[in-house]
Amino acid sequence: MKDSVKASVKQILTNYLELNNHRKTPERYAILDAVYGISGHFTLEELGDKLNDELHFPVSRATLYNTLKLFMELRLVIRHRFQGTTKYEACYDNNSHSHQICTVCGKVTEFKAPEIDAAIANMHLKRFRKDGFSLYVYGICSTCQAKITRRKTNKAKQKTQKDKDNE
């Protein structure tokens with residue numbers, strides 16, 4: 001993550017905390033650094049592991065959860081619910097993006113779709129200001145599709161062999 005982005009998000013957090021008379025705790029800033037040091041999606045557990053193992057700054061699960069909730073209110077983090085799992089993502093400089101989600105293995109991949117970006121940018125919504133969007137496209141990834149095809153082929157071969165054996 002660029003240093004300018006990290007500086008901007010730290011300033012947003014500092015301004016909010018000062019304006020609302022909240023404490024500027026080292027935990028909040030360590031969590032912010034960890035979040036913006038992770039590329040892509042992460043779980044609460046992965047964030048906790050990064051803080052503990054890499055940054056040597058262990059924090060409780062409750063602190064992680066409450067701090068991420070604050071970051072979501074400030075639009076510094078976005079929460080995704082993918083196939084029974086909750087993942088988070090730094091979003092300060094990436095408010096609009098699309099995901100493809102495999103319904104078999106749960107793999108999530110981000111993709112760029114300029115046509116979708118343009119269509120949403122050109123949408124005129126009444127009494128609503130757009131900040132960004134997330135699009136989820138569900139389907140079956142190529143790896144899972146290949147496994148399914150192999151399974152079907154093997155079953156067909158087994159059935160054919162069984163039919164030959166019965167004759």
Side-chain angles (χ1 to χ4, degrees), residues 1-139 141:
M1 187 68 51
K2 295 181 211 164
D3 288 337
S4 62
V5 170
K6 283 188 177 185
S8 296
V9 295
K10 279 184 183 179
Q11 192 59 53
I12 290 168
L13 178 59
T14 299
N15 290 346
Y16 173 83
L17 295 173
E18 288 174 355
L19 202 63
N20 292 284
N21 294 320
H22 292 299
R23 294 181 309 135
K24 293 188 274 184
T25 64
E27 289 83 3
R28 288 177 171 150
Y29 288 97
I31 293 169
L32 188 67
D33 281 340
V35 164
Y36 278 83
I38 296 174
S39 175
H41 307 102
F42 59 89
T43 63
L44 206 61
E45 291 75 23
E46 291 167 343
L47 179 59
D49 290 345
K50 180 174 182 74
L51 282 158
N52 191 35
D53 301 340
E54 292 178 30
L55 302 176
H56 306 292
F57 200 105
V59 295
S60 71
R61 186 173 176 85
T63 298
L64 282 176
Y65 181 78
N66 291 330
T67 303
L68 285 178
K69 187 176 176 185
L70 169 65
F71 292 171
M72 286 186 290
E73 290 172 15
L74 296 174
R75 301 217 16 126
L76 300 176
V77 169
I78 189 168
R79 177 178 52 204
H80 300 284
R81 292 203 171 95
F82 298 132
Q83 298 243 268
T85 202
T86 300
K87 295 212 174 190
Y88 300 88
E89 180 178 25
C91 68
Y92 174 72
D93 62 344
N94 189 17
N95 285 335
S96 302
H97 57 284
S98 305
H99 303 86
Q100 53 190 32
I101 304 166
C102 179
T103 54
V104 177
C105 69
K107 180 180 175 187
V108 178
T109 309
E110 282 191 29
F111 66 94
K112 298 283 184 201
E115 316 82 29
I116 294 170
D117 294 348
I120 291 178
N122 292 326
M123 284 175 60
H124 297 287
L125 303 170
K126 289 185 180 183
R127 303 176 76 176
F128 188 79
R129 182 180 62 86
K130 299 177 293 241
D131 287 353
F133 72 89
S134 285
L135 174 70
Y136 304 109
V137 179
Y138 296 93
C141 70

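For the pair Glu73 and Tyr16, the tightest heavy-atom approach, listed with the atom from each and the gap, is OE1-OH, 4.3 Å. Closest non-hydrogen pair, Ser134 versus His80, comes out as OG-CE1, 3.7 Å. Across all their heavy atoms, Leu44 and Leu64 have their closest contact at O-CD1, 3.7 Å. Nearest approach of Phe42 to Ala90, heavy atoms of both residues: CE2-N, 4.2 Å. Closest of all the heavy-atom pairs between Cys105 and Cys141 is SG-SG, 3.9 Å.
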Could you please spell out the steps behind the side chain to side chain donor-acceptor pair (under 3.5 Å) verdict for Glu89 and His97? CA-CA 11 Å; Glu89 180 178 25; His97 57 284; 2.8 Å; yes
Could you walk me through whether Leu13 and Leu70 satisfy the side-chain contact (heavy atoms from CB on, under 4.5 Å) test, starting with their C-alpha distance in whole Å, then the side-chain angles of each, then the deciding distance to 0.1 Å, before giving a yes or no? CA-CA 9 Å; Leu13 178 59; Leu70 169 65; 4.0 Å; yes
For side-chain contact (heavy atoms from CB on, under 4.5 Å), just list the numbers for Lys69 and Arg79, CA-CA rounded to whole Å, side-chain angles, deciding distance to a tenth of an Å, and then say yes or no. CA-CA 9 Å; Lys69 187 176 176 185; Arg79 177 178 52 204; over 6 Å; no
Does Glu45 form a side-chain contact (heavy atoms from CB on, under 4.5 Å) with Arg61? I'd like the steps, not just the answer. CA-CA 8 Å; Glu45 291 75 23; Arg61 186 173 176 85; 2.6 Å; yes
Name the atoms and distances for all side-chain donor-acceptor pairs under 3.5 Å in residues 47-55, with sequence neighbours left out.
{"unit_1": "Lys50", "atom_1": "NZ", "unit_2": "Glu54", "atom_2": "OE1", "d": "2.9"}

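Taking 4.5 Å as the limit, every side-chain heavy atom of Val77 sits out of range of all side-chain heavy atoms of Tyr92. Side-chain contact check for Leu76 versus Ile12: some heavy-atom pair is nearer than 4.5 Å. With contacts defined as side-chain heavy-atom distances shorter than 4.5 Å, the pair Val137/His99 does not qualify. With a 4.5 Å cut-off on side-chain heavy atoms, Leu68 and Phe71 count as touching. Annotation: side chain of Ile38 is not in contact with side chain of Tyr88 (no heavy-atom distance under 4.5 Å). In this structure, Glu110 and Gln100 have side chains that are not in contact, with every pair of non-hydrogen atoms separated by 4.5 Å or more.
For the atom pair OG1 of Thr86 and NE2 of His41, the computed distance is 12.5 Å after rounding to the nearest 0.5 Å. Rounding to the nearest 0.5 Å places OG of Ser4 at 11.0 Å from NZ of Lys6. One distance of note links OG1 of Thr109 with CD1 of Ile101; it measures 9.5 Å at 0.5 Å rounding.
Under the ring pair (Phe, Tyr, Trp, His ring centres under 6.0 Å) criterion, no residue pair touches residues 45-65, with sequence neighbours excluded. Residue pairs meeting the side-chain hydrogen bond (donor to acceptor under 3.5 Å, both in side chains) criterion with at least one member in residues 119-129, sequence neighbours excluded: Arg129-Asp131. Screening residues 20-30 for salt bridge (Lys or Arg N to Asp or Glu O under 4.0 Å) gives Glu18-Lys24 as the qualifying pairs, with residues at least two apart or on separate chains.
Contacts of His22 classified as side-chain hydrogen bond (donor to acceptor under 3.5 Å, both in side chains), with partners at least two apart in sequence or in another chain: none. When the side-chain hydrogen bond (donor to acceptor under 3.5 Å, both in side chains) test is applied to Tyr29, the partners found at least two apart in sequence or on another chain are Thr14. The side-chain contact (heavy atoms from CB on, under 4.5 Å) test applied to Leu125 returns Met123, Phe128, Lys130, not counting sequence neighbours. Under the rule for a salt bridge (charged side-chain N to carboxylate O under 4.0 Å, His left out), the partners of Lys10 that lie at least two apart in sequence or sit in another chain are Asp33. Taking the side-chain hydrogen bond (donor to acceptor under 3.5 Å, both in side chains) definition, one finds that Asn15 meets it with Gln11, sequence neighbours left out. Taking Ser60 as the reference, Thr63 meet the side-chain hydrogen bond (donor to acceptor under 3.5 Å, both in side chains) condition, with sequence neighbours excluded. For Glu115, the side-chain contact (heavy atoms from CB on, under 4.5 Å) partners at least two apart in sequence or on another chain are Ala113. With sequence neighbours excluded, no residue satisfies ring-ring contact (aromatic ring centres under 6.0 Å, His included) with Tyr138.
Between the side chain of Tyr36 and the backbone N or O of Ile31, no donor-acceptor pair lies under 3.5 Å. Between the Thr103 side chain and the Gly139 main chain, a donor and an acceptor come within less than 3.5 Å of each other. No donor-acceptor pair under 3.5 Å is formed between the side chain of Tyr136 and the backbone N or O of Phe82.
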